[in-house]
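Take a look at the structure below.
Here the structure is a predicted model, which is why all the values come from computation and not from measurement.
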Amino acid sequence: MTKLVVLNLGAGDLEKGFSHISAQLRSDNGTLEQFIGVLPPNPELSHLYLRWKLLYQALHQRFDVVRRRLFEVENQSSTNISVKDFELLCQEIETKFNNWLDDSRFSPIDKKLRTKLTPDNEIQIIIETKDPILQGFPWHLWHFLEDYPQAEIGISTPEYSHINIGKKSRNKLRILAILGHSQGINIDIDRALINQINNAEITFLVEPKSTEFHQILWDEKGWDMLFFAGHSHTKNHQGIIFINPQESLTIGELKTALNKAIQQGLNLAMFNSCDGVGLAHELSKLNIPQVIVMREGVPDLIAQEFLKNFLSALQKNKSVFCALREARERLQAWDKDFPCGSWLPMICQNLSGFNLDMKITNSLKVHPNLLIDIWSKNDEIDLDNSILFKKIKDTNILVKFVDITSLNVDIIVSSDDTYLSMGGGVSRAILVKGGNAIKEDAKKNIPLNLGDVVVTTAGNLLAKSVFHAAVLDYELYYGVQSQKPTIKVIQEVTKKCLDIAKTVNAKSIAFPALATGKGKLAPEQSALGIMIEIIKFLKKPTSIKEIIIALYPDNKISSIERIRNHFLNQVSHFLDIYLQMETREELLTDLENIFKDYQLDLGLQIISEYQDKLKEIMNNCTEDIIEDFE
């Protein structure tokens, strides 16, 4: 059962307190109950949150590898703060916020709500307040939510008016996606994710002119959802979006066109951009049903991860509120890299025509859990079953939960012993599906040395060839003193596979999680050995356009699921480290060119020293990581 809780804080604020708070509880069966309470003044909470905002901005300005969807329209002074200090401030805000809500004059509301709600209820909590601090405050810190896993909090102004929203009869969801000014950020990923929505009519406008934006909002067919990705910010409580390199727009300037779109069915506006509280405040005056924004400057990766997980949750037929909670909570995985990234998403709700069961559509199809990167619009990439996608230079790297024998690639790599026994795991699956011709061809080459690679026919498989990698020494592994594979062996066979593939001008190659089955090699070690050699290989030009790592598709067996998860986490972690270093290298090159243009010799000398140090770190990085494992 779905429940709605409207917590009206009245006319108070944090300086004066809230003398009359009402909590209305409404169920989808039509019942309505109301409870009354009081909250005391808490100016300290206001000061703490304002300090948090300043320190958040200062801290994220220090991460030079972080691309944010915010234009720095005003110079902001740098604040000397450590991540640890910031974390302590966050803990203090959470503690004092909940202590405030535990006040004896407010606790009766809390207790009465708990007697009426159960953990399996979907609960949509709306905070009605005029206090600008509490409008932007991270209400998800309220410990009340911990006991109700399907509860989420939205913000609303106390004043709103009813608006007649036209209900268009159509079989497809209509989405208007505005891709605005994107200097220094990557919104191609947003486009790719939105474009994966199935059974939807999606119109993209890329860096539109102001006149184009206005005109398309007037479309007589109407829109169900408005999506914006690009730069935005709030100034004097007014939200501004940058639609192209020369033009920006306020919500006020779009007022007439947006009102028309709302009257014709626009239900949800989503701004995957920075500092969106002002946008939400302005849109609430237009009585748009739901608005999703980011509270502060948002790193590119956080914006992309949020959108991916939000659409994935909607695919499961979850309401917008539940989808937002799931997507927000999944961002916690990135909080160590991007402090408080999970605090950013917020939803603003208009209650005039509120539908408790509001969903976008029942036919969304996206790729859940997909770690996705930029690609060219002309690329045709099969993302089915993909859980990770990165593009390095001209080569796509994908990790898939898929049966490797089903892949239509030039080369499939088999993990085997030095006698190519094909007796278990991937090698056995290749033999069963590909036929005895593969084994007969393999017999011509045995025995192999550990680390050797042999090429055979692919038999009945869709692939053109099978590369048999000897990762187990047959005599030692099956002997008295069993010897497991090592990272070095994985590196050796991976390098040989890639070099041979390049020699025969192969376009695609698929690896399994080498030696993690019968070889019992730790999945993290296998992943590391494979990825180190892939990264080294891709530093030079190659014919290979696609490298797939195929992990077991069956997740019902706990041992297989463990291997998959550990392998994937190591691949993702390694790629993140590599790409961060590469980004730093690119930034140093940009600075070097600037200093050359202005003939700043001292700057060039400093940059040269930094570049040498970074190259040394990058060269030693893989060896250091391997030593940590062994």
- Do the rings of His231 and Phe242 sit parallel, tilted or perpendicular, given the 30° and 60° boundaries? perpendicular
Separation between NZ (Lys439) and CD1 (Ile446), nearest 0.5 Å, reads 8.5 Å
Practice problem: Look at the rings of Phe338 and Trp334 and say which category their plane angle falls in: under 30° parallel, 30 to 60° tilted, over 60° perpendicular. | Solution: tilted
Scanning both residues in full, the closest heavy-atom pair of Ile175 with Ala200 reads CD1-CB, 4.3 Å
- Query: Strictly by modelled atom types, are Asp441 and Thr457 linked by a side-chain donor-acceptor pair under 3.5 Å?
  - Reply: no
Can I get a per-line list of side-chain donor-acceptor pairs under 3.5 Å for residues 494-502, giving both atom names and the distance, sequence neighbours left out?
residue	atom	partner	partner atom	Å
Thr494	OG1	Ile490	O	2.7
Lys495	NZ	Asp499	OD2	2.9
Lys496	NZ	Gly451	O	3.1
Lys496	NZ	Asp452	OD1	3.4
Lys496	NZ	Glu492	OE2	3.3
Lys502	NZ	Pro541	O	3.2

One should read off an interatomic distance between Asn445 CG and Tyr419 OH, to the nearest 0.5 angstrom, of 13.5 Å
Shortest non-hydrogen pair, Val466 vs Ala458, comes out as CG2-CA, 3.9 Å
- Query: Has the side chain of Asp335 got a donor or acceptor atom that lies under 3.5 Å from a matching backbone atom of Ser342?
  - Reply: yes
Value for CD (Glu326) from CZ (Phe306), rounded to nearest 0.5 Å, stands at 11.0 Å
Main chain of Glu546, side chain of Asn396: is a donor-acceptor contact present, judged purely on distance under 3.5 Å? no
Which side-chain N or O atoms in residues 406-416 pair as donor and acceptor under 3.5 Å with protein atoms at least two apart or in another chain?
residue	atom	partner	partner atom	Å
Ser406	OG	Asp403	O	2.7
Asp410	OD1	Lys464	NZ	3.3
Asp410	OD2	Lys507	N	2.6
Asp410	OD2	Ser508	N	3.4
Ser415	OG	Ala515	N	3.1
Asp416	OD1	Ser421	N	3.4
Asp416	OD1	Met422	N	3.4
Asp416	OD2	Met422	N	3.1

To the nearest 0.5 Å, atom OG of Ser526 lies from atom NZ of Lys520 at 16.0 Å
Does a side-chain heavy-atom distance below 4.5 Å link Ile178 with Pro208?
yes
Residues at least two apart in sequence or cross-chain that pass side-chain contact (heavy atoms from CB on, under 4.5 Å) with Asp394, listed by chain then number, are Lys545
Are Ile487 and Leu521 side-chain neighbours, meaning at least one heavy-atom pair lies under 4.5 Å? no
- request: Could you verify whether a donor N or O on one side chain and an acceptor N or O on the other, from Asn186 and Asp300, lie under 3.5 Å apart?
  value: no
Nearest heavy-atom approach of Pro299 to Leu344 is CD-CD1, 4.3 Å
- Message: Run the side chain to side chain contact (heavy atoms under 4.5 Å, CB included) test on Ile194 and Phe227 for me, step by step, so that the C-alpha distance in whole Å, both residues' side-chain angles and the decisive distance to 0.1 Å come before the verdict.
- Response: CA-CA 9 Å; Ile194 291 291; Phe227 175 82; 4.1 Å; yes
Note: Ala470 and Leu448 closest approach over all heavy atoms is CB-CD2, 4.1 Å
Interatomic distance, CG@Leu431 vs OG1@Thr405, rounded to 0.5 Å, equals 11.5 Å
- Message: Show, in sequence, the C-alpha distance, side-chain angles and deciding distance for Ile547 and Leu398, and conclude whether the side chain to side chain contact (heavy atoms under 4.5 Å, CB included) test is met.
- Response: CA-CA 6 Å; Ile547 299 174; Leu398 298 101; over 6 Å; no
Interatomic distance, CD@Gln304 vs CG@Asp188, rounded to 0.5 Å, equals 9.5 Å
Are Lys172 and Glu201 close enough for a salt bridge, meaning some N to O gap below 4.0 Å? no
